[in-house]
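One structure is given here, and the rest of the page talks about it.
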Amino acid sequence: MRYISTRGENSGFSGAEAIEAGLAPDGGLFVPEAVPRLELAAIAELAGLDYQERAGWILGLFLDDYSSAELAAAVSAAYNDATFDDEAVAPVRRLANGVNVLELWHGPTSAFKDMALQLLPQLLSRALAKTGGAGEVAVLVATSGDTGKAALEGFKDVDRIRVVVFFPEQGVSEIQRLQMVTQEGGNVSVVAVRGNFDDAQAGVKAIFGDKAFAAGLAGRGLKLSSANSINWGRLLPQIVYYFSAYADLLKAGGIRCGEAVNFAVPTGNFGNILAGYYAKLMGLPVGRLVCAANANNVLADFFRTGVYDRRRAFHKTLSPSMDILVSSNLERLLYHVTGGDAAVVRDWMDRLSAEGVYDIGGAPLRLIQETFWSGWADDRDTAATISQIYNETKYLLDPHTAVAWRVYEDYRRVSGDGAPVVIVSTASPFKFNRGVLAAIAGPQALQGKGEFEILRDLSRTAGWPVPPGLARLDGKPVVHKTVCGKHEMYDIVNCILNNEYKVGEKP
Ligand SMILES: *Cc1c(COP(=O)(O)O)cnc(C)c1O
């Protein structure tokens, strides 16, 4: 299987090369040259396999430059009983009201990013061995919260890889901050940036775009790479759980083989739901993909009108991992629905960066609307949904999942589509403890309480244990104390990669 760029200038990359490069050299995203198709009989067979076997099998279809033994080793290093607290890895729960929930948050950081970021480092370190490069890779990450911790957990102590995570000093929740600044691992550094997420992201992008800086690093045997959700090695692991959920429904007798299932996905950068689209292209009987947004509703407008317009106010919401105005992975969908017209995709992306808006016109929009439906929910509806589902079923939704639930209800009302549905659940309710407790017990329940008290309250209310990764944070020593200005990020990266300063020191 070869990979090509959505912008048309690069082709012939192997899976390992695409994963190592992250972004294509022409600025586009890597897509497989041809998407493999599966027969229903093969999908039915997945029901008899466990998650690790399902993953190895699907990865093998796309990464034929890895041996099946290599893929099996990568998969078992990623998904095992030390990293995931549920044997099924990504279990499907059937709630009392008949709705299925796919729980993607049983990994070490309690959010769905673990599904990809436990596996990407395994694929990347094996890619380095294949492509024959010597030296080390430095992975730079700017995070608004969930990605940073998941990257730290996935990459910690992985051979030949160093990780530097930048987070906005005031821009993450207290739980998210504690998760990062207490991180262990000899190859990881965490730095708070005085600024917002955009400042941190702009700083990392500037470093990536600086050819002279890259040349200096190369002279020392270092190459930069990204753990960002545009890397094919992050998207591919996500295709697995759509198949796995379908196989689990088959196994439980909830559907007939071939019956279409709808998926509702809380969406930010469009990575998760795009994996569902690939699953559909591969022949999985996916009916409708419901793309759920919060008040940052660029995508909901786009799927209705074909106009992508980022020129609007940015909202901070109860579902911060979806607070995003530019959904990078949409570029891959555009490539596929234009039949691989790289020139057109490049033109739209150029317009987006120059003018902040582009319009795809009628024909591609109609194709997209055959599969996707999109809506959005504000914070009030999100909190009301958490409370309503808790009262009806005693099941706790995190705010991101509640957005998907709410938007799915809207879809069902508008369309009358009664097909079986899977709500894709992207975070443990404990990770967004404040929003969830306030939704079910009222805002006064938070008053005067620290993070760990709130976790314990939530645990008592729901009768669920606090996830071990979050419970352990209580009293864990802070090891990463560096804070830098947004213009100091270069210097910090230089110091860290030169071993000129140790973890926790002020540079
Ligand atoms: C990252 C994230 C999302 C958004 O996923 P995308 O792949 O960016 O669309 C939704 N929910 C949670 C909890 C996340 O961490």
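Every value quoted in this text rests on a predicted model; they were computed, and no experiment measured them. Both counts, for ligands and for their atoms, begin at 1 and track the order of listing.
- Look at Arg406 and Glu409 and you find no salt bridge, because none of the NZ, NE, NH1 or NH2 atoms lies under 4.0 Å from a carboxylate O.
- Between Trp232 and Tyr3, the ring planes are tilted. Angles from 30° to 60° get that label.
- Protein residues lining ligand 1, listed by chain and number: Phe112, Lys113, Asp146, Pro266, Thr267, Gly268, Asn269, Phe270, Gly271, Asn272, Ser321, Met322, His400, Thr426, Ala427 [non-hydrogen atoms, distance under 4.0 Å].
- No side-chain donor from either of Gln179 and Gln183 sits under 3.5 Å from a side-chain acceptor of the other.
- Taking 4.0 Å as the cut-off between side-chain N and carboxylate O, Arg7 and Asp26 do not count as a salt-bridged pair.
- Under the rule for a ring-ring contact (aromatic ring centres under 6.0 Å, His included), Phe167 has no partner lying at least two apart in sequence or in another chain.
- The aromatic rings of Tyr308 and Tyr358 sit parallel to each other, their planes meeting at less than 30°, with 60° as the upper class boundary.
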